[in-house]
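Owing to the predicted nature of the structure, the values given are computational and were not obtained by experimental measurement.
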Amino acid sequence: MKKLLLTASVAGLLLFNSCSTVPLTGRSRLNLVGNDQVLPMAFQAYSEFLTENKTAVLPASNAQALKVKTIGSRLITAVQTYMNNNNYGNLIQDYKWEVNVVQNNEKNAWCMPGGKIVVYTGILPVTQDDAGLATVMGHEIAHAIAGHSAERMSQEMVAQGIGTAGGVALSKNPKAQSTFNTLYGVGAPIAMLKYSRNQELEADRLGLIFMAMAGYNPQSSVSFWNRMASASANAQKPAEFLSTHPSDATRIAQIQKYLPEAQQYYKK
């Protein structure tokens with residue numbers, strides 16, 4: 001019994017020491033894996049995605065691609081400035097930012113760890129304007145900045161008993177590597193990580209702040225999410241408690257609560 005309690009205490013201590021803080025929100029999160037482990041695999045997965053979708057990637061000269069890349073650049077600059085000025089620069093020092101637009105009718109966009117961003121053309125009719133697009137991209141960038149992917153990986157690893165201390169060598173741990181591949185869909189046509197509802201709402205909050213820092217009015221985000229709700233009104237969606245994403249009503253209500261905070265960062 002004493003040995004069991006000691007083991008549990010050690011495990012608890014290791015987990016406690018493997019926590020980090022999310023920028024801006026201050027939330028403590030489990031972090032068993034670092035950028036040195038996650039980023040190489042994310043870069044590889046991104047490269048594979050671009051190769052598999054080579055004919056669908058729009059050239060930089062394309063009007064849609066140019067618009068997305070321009071807004072992405074403003075967001076990235078704002079995020080980098082904030083992180084570097086607030087002692088979070090180490091979290092993004094190894095990022096290799098990149099923005100690409102893919103011809104795909106799906107209403108989707110994502111940002112992998114390390115700043116690898118993809119926007120699908122299917123979402124552009126819903127974003128409509130620069131602020132709408134900044135809402136989407138700010139939200140996806142927020143997932144990367146908040147380390148949601150590493151957090152999900154850490155939670156999965158603990159659940160599977162893969163490791164409880166920081167510095168887990170994923171490349172030398174087949175189970176951990178499998179966890180990464182499963183979460184990111186490596187080897188599948190689309191590399192996507194499904195986040196929890198709480199992480200989605202945190203990304204909304206951070207995304208509003210990031211778009212405000214980049215000079216886009218966060219108030220515009222409400223219009224975007226209303227359009228998104230209308231666009232998916234006829235889609236077959238699971239009940240909120242069965243979904244990794246909050247319901248449209250929950251999301252919009254929370255965004256309304258986050259707006260006063262985000263407005264403090266907004267400068268035209």
* Is any side-chain heavy atom of Thr135 closer than 4.5 Å to a side-chain heavy atom of Met211? -> yes
* Keeping the roles fixed (side chain from Tyr46, backbone from Ile117), state whether a donor-acceptor pair exists under 3.5 Å. => yes
* To do: Go through the steps to decide whether Arg27 and Glu151 satisfy the test side-chain contact (heavy atoms from CB on, under 4.5 Å), and finish with yes or no.
  => CA-CA 12 Å; Arg27 181 178 65 86; Glu151 182 178 18; 2.8 Å; yes
* Answer yes or no: is there a donor N or O on one side and an acceptor on the other, between the side chain of Ser47 and the main chain of Gln44, under 3.5 Å? => no
* Taking every non-hydrogen atom, the tightest pair across Glu261 and Tyr265 -> O-CD1, 3.4 Å
* Are any non-hydrogen side-chain atoms of Val101 and Asn62 less than 4.5 angstrom apart? -> no
* To do: Determine, using the 4.5 Å side-chain heavy-atom cutoff (strictly less than), whether Leu201 and Ile252 are members of one ILVMFWY cluster.
  => yes
* Indicate yes or no for a side-chain donor-acceptor contact from Arg197 to the backbone of Pro246 under 3.5 Å, with no hydrogens or angles considered. => no
* Compare all side-chain heavy atoms of Val119 with those of Met137 and state whether any distance is below 4.5 angstrom. => yes
* Side chains of His143 and Ser149 in contact at under 4.5 Å (non-hydrogen atoms) -> no
* Mind checking the CG-CG spacing from Leu75 to Leu133? Nearest 0.5 Å is all I need. => 8.5 Å
* **Heavy-atom side-chain proximity of Lys116 to Phe49 below 4.5 angstrom** => no
* Backbone N or O of Lys69 within a donor-acceptor pair of the Ser73 side chain at under 3.5 Å? -> no
* Rounded to the nearest 0.5 Å, how far apart are CD1 of Ile145 and OG1 of Thr25? -> 12.0 Å
* If you round to the nearest 0.5 Å, how far is CD of Gln256 from CH2 of Trp225? -> 13.5 Å
* To do: Can you sort out the partners of Arg251 under side-chain hydrogen bond (donor to acceptor under 3.5 Å, both in side chains), two or more places apart, ordered by chain and number?
  => Glu200, Asp204
* To do: Name all residues meeting the side-chain hydrogen bond (donor to acceptor under 3.5 Å, both in side chains) criterion together with Thr81; count only those two or more places apart in sequence or in a different chain, and write none if there are none.
  => none
* To do: Decide whether Tyr266 and Val222 are clustered together by the hydrophobic rule: side chain heavy atoms of Ile, Leu, Val, Met, Phe, Trp, Tyr closer than 4.5 Å, transitively.
  => no
* Rounded distance [0.5 Å steps], CD in Glu48 versus CG in Leu50 -> 10.5 Å
* To do: Flag the pair Val99 / Val68 as yes when at least one side-chain heavy-atom distance between them is below 4.5 Å, and no otherwise.
  => yes
* **Heavy-atom side-chain proximity of Ile209 to Met213 below 4.5 angstrom** => yes
* **Inter- and intrachain pairs under ring-ring contact (aromatic ring centres under 6.0 Å, His included), touching residues 74-100, at least two apart** => Tyr95-Trp97
* Structure fact -> CG of Asn100 to CG of Asn53, rounded to nearest 0.5 Å, is 10.5 Å
* Say you draw a straight line from CG of Asn35 to CD of Gln93; how long is it, rounded to the nearest 0.5 Å? -> 8.0 Å
* Between Asn86 and Pro23, is any pair of side-chain heavy atoms under 4.5 Å apart? -> no
